[in-house]
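Let me begin by presenting the structure, written as structure tokens, before commenting on it.
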There are 2 protein chains.
Amino acid sequence: MDKERKAKDDEATAQERPTLKTLAFMTGLGVTTVSRALKDAPEIGAETRRRVQLVAKQIGYRPNRAGVRLRTGKTNVISLVLNTEHELMSFVSDIIYGVTEVIADTPYHLIVTPYSRSQDPLDPVRYLVETGSADGVIISRTQPNDPRARYMLERGIPFATHGRTDMGLVHPYHDFNNYAFAAEAVRHLAGLGRRRLALVTPPVGLSYYRHTVNGFADALSEVGASEVPFNTVSIDHSIEQIRTRTAQLMRRDIRPDGIISSAAAATLAIVAGIEDAGLKLGRDVDVVSKQSSELLHLFRHELLVVNEDFRLAGSELARSVLGWIGGAAPGSLQSLSEPKGVVAYRRSD
Amino acid sequence: MDKERKAKDDEATAQERPTLKTLAFMTGLGVTTVSRALKDAPEIGAETRRRVQLVAKQIGYRPNRAGVRLRTGKTNVISLVLNTEHELMSFVSDIIYGVTEVIADTPYHLIVTPYSRSQDPLDPVRYLVETGSADGVIISRTQPNDPRARYMLERGIPFATHGRTDMGLVHPYHDFNNYAFAAEAVRHLAGLGRRRLALVTPPVGLSYYRHTVNGFADALSEVGASEVPFNTVSIDHSIEQIRTRTAQLMRRDIRPDGIISSAAAATLAIVAGIEDAGLKLGRDVDVVSKQSSELLHLFRHELLVVNEDFRLAGSELARSVLGWIGGAAPGSLQSLSEPKGVVAYRRSD
DNA sequence: CGTGACAGCTGTAACGTTTCAGTATATTCC
DNA sequence: GGAATATACTGAAACGTTACAGCTGTCACG
């Protein structure tokens, strides 16, 4: 028996990656004891525990993810589900950084699960759940009645949504207060004397479309301004489409003297359209736009902006998912980010 | 024995995720046979093979990643290593989509491994290799003498770099021909009669810094134009810094009449700086800029652009890594993307 | 008819981890 | 002094997969 033991442990001592067996040999303990000592189980003596942890640190022991995952089902993976056609560029980049920031000192890895225009958005989620590929999921482009959220809720897999749902179901989310954004934008434009306002909306069908439209409508009647309907485009449309349709709009007899845009890229096209129609920003029309990086004021200093922080969104979403995985109540993991107000830049900036 | 078998297989037939055991029971074969049948091993009868594969498809069998990984060490993971501070926004987004596009119909997952300013860029790579977390790695911000490439080459882990190295070591890469970009930009500006050119470089130390500078210098002497040194900024600097230093530069007696910019975000700042100095784009100075999304011409129609396709880069890099994993020679997995020429936009566009 | 080759299949072990059901020794209680 | 209890540890089994060695039956060959 002693001989056997030695043979086995010689193997274990080779310069391969250390495992529990390696640690067990080095400390003279059993594999079970080592395993429990590393997770601070109460039935292990204080000194043994310290000894094991010291040795583990010394030789750089790292639990084998596959072993853990096979045994426990725990993947230590968070998956971010992204649409490969319609996400905003800055959104992808910033939200990823926000998420990684939070999971950096956890054992979690971030995997990006894409889906394309042609696919059912439920597909990637179903894949993740069915294959048990992640402990938690983050989704964007949330809809009021979102089948993905419903599905994950049924299956009991922790997730968080960027944007709220409206199905009477409770789950973690992070959202930007787009109602407040639109309302503040309207008020600001009204303050500048603008009375005929148009809105370039988020994609119809997503939750924040409604929020934005409602904020717009409520503030319009509050300040007594009127809407110039502009339903032919949303920020999901191509730059070209937004540009030409904005130009068409601005050439009409009754054209808006104020435009509110829900995304920076769309704003570039809107401004181009305005100028195509021979009008001047700041004189003939004012534009308030959301932006996620501080670039629009370089584009046209007359632009009025409201900042939305996607990195913060990523962090909050990651925190929510981890919280749910950690056993917190889903209802306690919801957050709403308030717009910081409309910002104007002076020429001298 | 028959009883035993039945008991075991009843378990296996429960509505849990199907495993090889489930398939073995359903087909009446052994687990080994099923395993081999699914991977088209030659020693399995043609009919058996078809039968197993049919049943597997029917019940939606998916191999358990943890099982495979534990047994074989194969992770089916590609890791994209990103700097969380200095990557271009569009780069992150597009390269991710490029990669996911290629791995979409493979068993591979994409994990994003971040590192920050304060960290040694080797850290994340070392982590990946030591923990065996990925079958292949993609890195960006490649340096002529890149410790990460050297390290991975030593350890024998497949990888691809965005940008070339210059260490006499051969490995897969994808690169944009920044030498050609800079040279074409110089020639184009010279063609417009511009004779005093400045260059806003990539980050000093990265491989494409040298390529760009060389292309710039060679073309300068070719066309007989001169350089106005502008070494105080690179595209890694903040928008503010680039803007103010450009303004300073443009207020000097000997100021450039042509500027070449290696990134779109920097270009916004450059133009702002030019205008801060009271000069007009297209009249006093022309600017040629790289861009990765078609937005700069909306910003100022006078801007001259060269397009770099990061989504393509992502796809190529993914293909390279998969190729290397699949046994192809690293030297055969290198690609260089040529600039498509300087593009000008007419006002009417 | 015995031998060898071969096709087609199977059982066992192992990857690294955690959980379950213990065991041995010391401590407490009546 | 004996039983109960607590403390500190241990071996075996299992998660799902693949590699290895081996088994059985068929067929051709001499």
Side-chain angles (χ1 to χ4, degrees), chain A residues 1-2 4-5 7-9 11-14 16-52 56 59 61-76 107 130-133, chain B residues 1 4-5 7-9 11-14 16-25 27-52 56 59 61-76 107 130-133:
Chain A
M1 183 194 155
D2 214 357
E4 243 182 60
R5 179 173 209 151
K8 264 191 187 174
D9 291 338
E11 251 187 286
T13 322
E16 293 302 311
R17 224 181 118 192
T19 70
L20 288 182
K21 208 157 96 186
T22 322
L23 284 178
F25 174 60
M26 297 182 75
T27 55
L29 296 164
V31 174
T32 305
T33 310
V34 172
S35 172
R36 316 199 75 161
L38 288 176
K39 22 181 71 61
D40 286 318
E43 58 265 74
I44 303 297
E47 165 162 357
T48 304
R49 192 156 47 205
R50 258 181 290 120
R51 198 157 60 87
V52 170
I59 65 173
Y61 168 77
R62 306 254 195 179
N64 180 305
R65 309 190 121 234
V68 175
R69 181 163 169 178
L70 181 57
R71 179 64 236 246
T72 64
K74 171 130 212 194
T75 62
N76 283 309
E130 281 177 2
T131 61
S133 292
Chain B
M1 182 195 155
E4 244 182 59
R5 179 172 209 152
K8 264 192 187 174
D9 291 338
E11 251 186 286
T13 322
E16 295 301 310
R17 222 180 119 191
T19 70
L20 289 181
K21 208 157 95 187
T22 321
L23 284 177
F25 173 60
T27 56
L29 297 164
V31 175
T32 306
T33 310
V34 173
S35 172
R36 315 200 76 164
L38 288 175
K39 21 181 71 62
D40 285 318
E43 58 267 75
I44 303 297
E47 166 162 357
T48 305
R49 191 155 49 204
R50 258 181 291 120
R51 198 158 59 88
V52 170
I59 65 172
Y61 168 76
R62 306 257 196 180
N64 180 306
R65 310 189 119 235
V68 175
R69 181 163 171 180
L70 181 58
R71 179 64 235 248
T72 65
K74 171 130 211 191
T75 62
N76 284 309
E130 281 177 2
T131 60
S133 292

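Residue numbering restarts at 1 for every chain, and letters A, B, ... go by the order of the sequence lines.
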Open item on the list: Strictly under 4.0 angstrom, non-hydrogen atoms only: write out the protein contact profile of nucleotides 16-24 of chain D, one letter per nucleotide from the 5' end, B, S or -.
Closed with: BBBBB----
TODO: Evaluate side-chain contact (heavy atoms from CB on, under 4.5 Å) for A:T22 paired with A:T19, printing each intermediate quantity in order.
DONE: CA-CA 5 Å; A:T22 322; A:T19 70; 3.5 Å; yes
- [ ] Could I get the full list of side chain to side chain donor-acceptor pair (under 3.5 Å) partners for B:T72, not counting sequence neighbours?
- [x] none
- [ ] List the atom of B:A37, the atom of B:R49, and the distance in Å for their closest heavy-atom pair.
- [x] O-CG, 3.5 Å
- [ ] Write down the distance between CG (A:L38) and C1' (D:dC9), rounded to a whole number of angstrom.
- [x] 15 Å
Open item on the list: Suppose the criterion is side chain to side chain donor-acceptor pair (under 3.5 Å): which pairs have a residue in residues 24-34 of chain A, not counting sequence neighbours?
Closed with: none
Task: Any residue meeting side chain to side chain donor-acceptor pair (under 3.5 Å) with B:E43, in chain and number order, not counting sequence neighbours - done: B:R36
- [ ] Please list, chain by chain and in numerical order, all residues satisfying side chain to side chain donor-acceptor pair (under 3.5 Å) with B:T75, sequence neighbours excluded.
- [x] B:D135
Task: Pairing residues for B:S133 by the side chain to side chain donor-acceptor pair (under 3.5 Å) criterion, not counting sequence neighbours - done: B:T131
Task: Strand contacts (DNA chain C) in residues 40-51 of chain B, 4.0 angstrom heavy-atom criterion - done: B:E43, B:I44, B:G45, B:T48
TODO: Find out whether A:L29 and A:T48 are in side-chain contact, i.e. whether some heavy atom of one side chain is under 4.5 Å from a heavy atom of the other.
DONE: yes
Task: Nearest-angstrom distance from the residue atom CG of B:L23 to P of C:dT10 - done: 13 Å
